[in-house]
Amino acid sequence: MLEAANVSKKFGGLVAVDGVDFEIDRGEIVGLIGPNGAGKTTLFNTITGVLDPEKGSEITFNGEDLLALDTHEIARSGVLRTFQIVRVFGEMTVLENAAAGALFGTDESISQAEAERRGREALAFVGLEDKAEMEARNLPIAQQKQLELARTVASDPDLVLLDEIASGLTPGEIEELSDTIRRLRDDRDVSVFWIEHIMDAILGTADRIIVLKNGRKIAEGAPEEIRNNEAVTEAYLGAEES
Ligand SMILES: Nc1ncnc2c1ncn2[C@@H]1O[C@H](COP(=O)(O)OP(=O)(O)OP(=O)(O)O)[C@@H](O)[C@H]1O
């Protein structure tokens, strides 16, 4: 479904992403890990149209060239994301936030009432239906993260990109979020591409892991293989544990 070949991005003389190839299939949870500055967020930004990668990079989604589309068109094609720092609309209600996902993330033209219906359904999916009328800024951080996820769900996504959605949460909150992410895959056939520093969360949830270091892909495989991969341990897990 998502196919990326030879993706590179430079900032001046710094090669932040360096010739990365990968694919994500339908209904698959793929983790993207690597030390700070490895190029993970930059790679996300090239997929979502925030940054233009270097010439020679190729990114297609269901056969469509994403590099020819702007950020809104990419969202409407079914690729939605959450952000490292949550971006809920604080003064809007929880329901208005979710409904905004339905209004702006699809290429259909829908009524406000239909957007609210889809918003409520997305809130129920993440377990926030009883918070619908609250102002979003009054939600605790774990629920703001669930709300960001609900906003993508309301857009009826094919692929959701999560940027460190587990950071700052308690183990119990992470387990709830991981469960929501698994249900996205299992009940809705949504694919997930997930940047995460919290190893237990990503290794315990993803079907496959891609590891970046200094912009390059240094490993890819099932969580167990990654856990036991020496290059990864040296590059990342070792650093985390020391
Ligand atoms: N807009 C920018 N201008 C210049 N350099 C940038 C820019 N964005 C990122 N970089 C640099 O590119 C490299 C990759 O950064 P990126 O944020 O993609 O890494 P990351 O793997 O997401 O890191 P982290 O885990 O810390 O979020 C870093 O060296 C960073 O300083």
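Every number for a ligand or one of its atoms is a count from 1 in the order of the listing.
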task = Not counting sequence neighbours, which residues clear salt bridge (Lys or Arg N to Asp or Glu O under 4.0 Å) with E225? List them please.
result =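 Residues passing salt bridge (Lys or Arg N to Asp or Glu O under 4.0 Å) with E225: none at all.
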query = Any luck finding a side-chain donor-acceptor pair between N45 and R81 under 3.5 Å?
reply =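 R81 and N45 do have a side-chain donor-acceptor pair below 3.5 Å.
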inquiry  = I need the contact type for L14 against ligand 1. Using non-hydrogen atoms and a strict under-4.0 Å cut-off, is it side chain, backbone, both or neither?
reply    =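 L14 to ligand 1: side-chain contact only, backbone stays beyond 4.0 Å.
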task = Could you list which atoms of ligand 1 come closer than 4.0 Å to a heavy atom of A38?
result =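 So the answer, numbered in order with elements, is 19 (O), 20 (P), 21 (O).
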request  = For T42, take its heavy atoms, then give the atoms of ligand 1 lying under 4.0 Å from any of them.
outcome  =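 Counting from 1, the qualifying ligand atoms are 9 (C), 14 (C), 15 (O), 16 (P), 18 (O).
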request  = Compute the shortest N/O to N/O distance between A16 and ligand 1 and return yes if it is under 3.5 Å, no if not.
outcome  =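 No, there is no polar N/O contact under 3.5 Å.
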ask   = Would K9 count as a contact of ligand 1 if the rule is a heavy atom under 4.0 Å away?
value =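 In this structure, K9 fails to qualify as a contact of ligand 1 - no heavy atom is under 4.0 Å.
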Within-shell test, G34 vs ligand 1, heavy atom, strictly < 4.0 Å =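 Contact check G34 vs ligand 1: negative.
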request  = Among residues two or more places apart or on two chains, list those pairs meeting ring pair (Phe, Tyr, Trp, His ring centres under 6.0 Å) that have a residue in residues 7-38.
outcome  =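 Residue pairs passing ring pair (Phe, Tyr, Trp, His ring centres under 6.0 Å), neighbours aside: F22-F193.
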request  = Indicate yes or no: does E220 engage R208 in a salt bridge with an N to O separation below 4.0 Å.
outcome  =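 Yes, charged N to carboxylate O under 4.0 Å.
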message = Any non-hydrogen side-chain atom of I209 less than 4.5 Å from a side-chain atom of V30?
response =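 Heavy-atom side-chain distance check fails, nothing below 4.5 Å.
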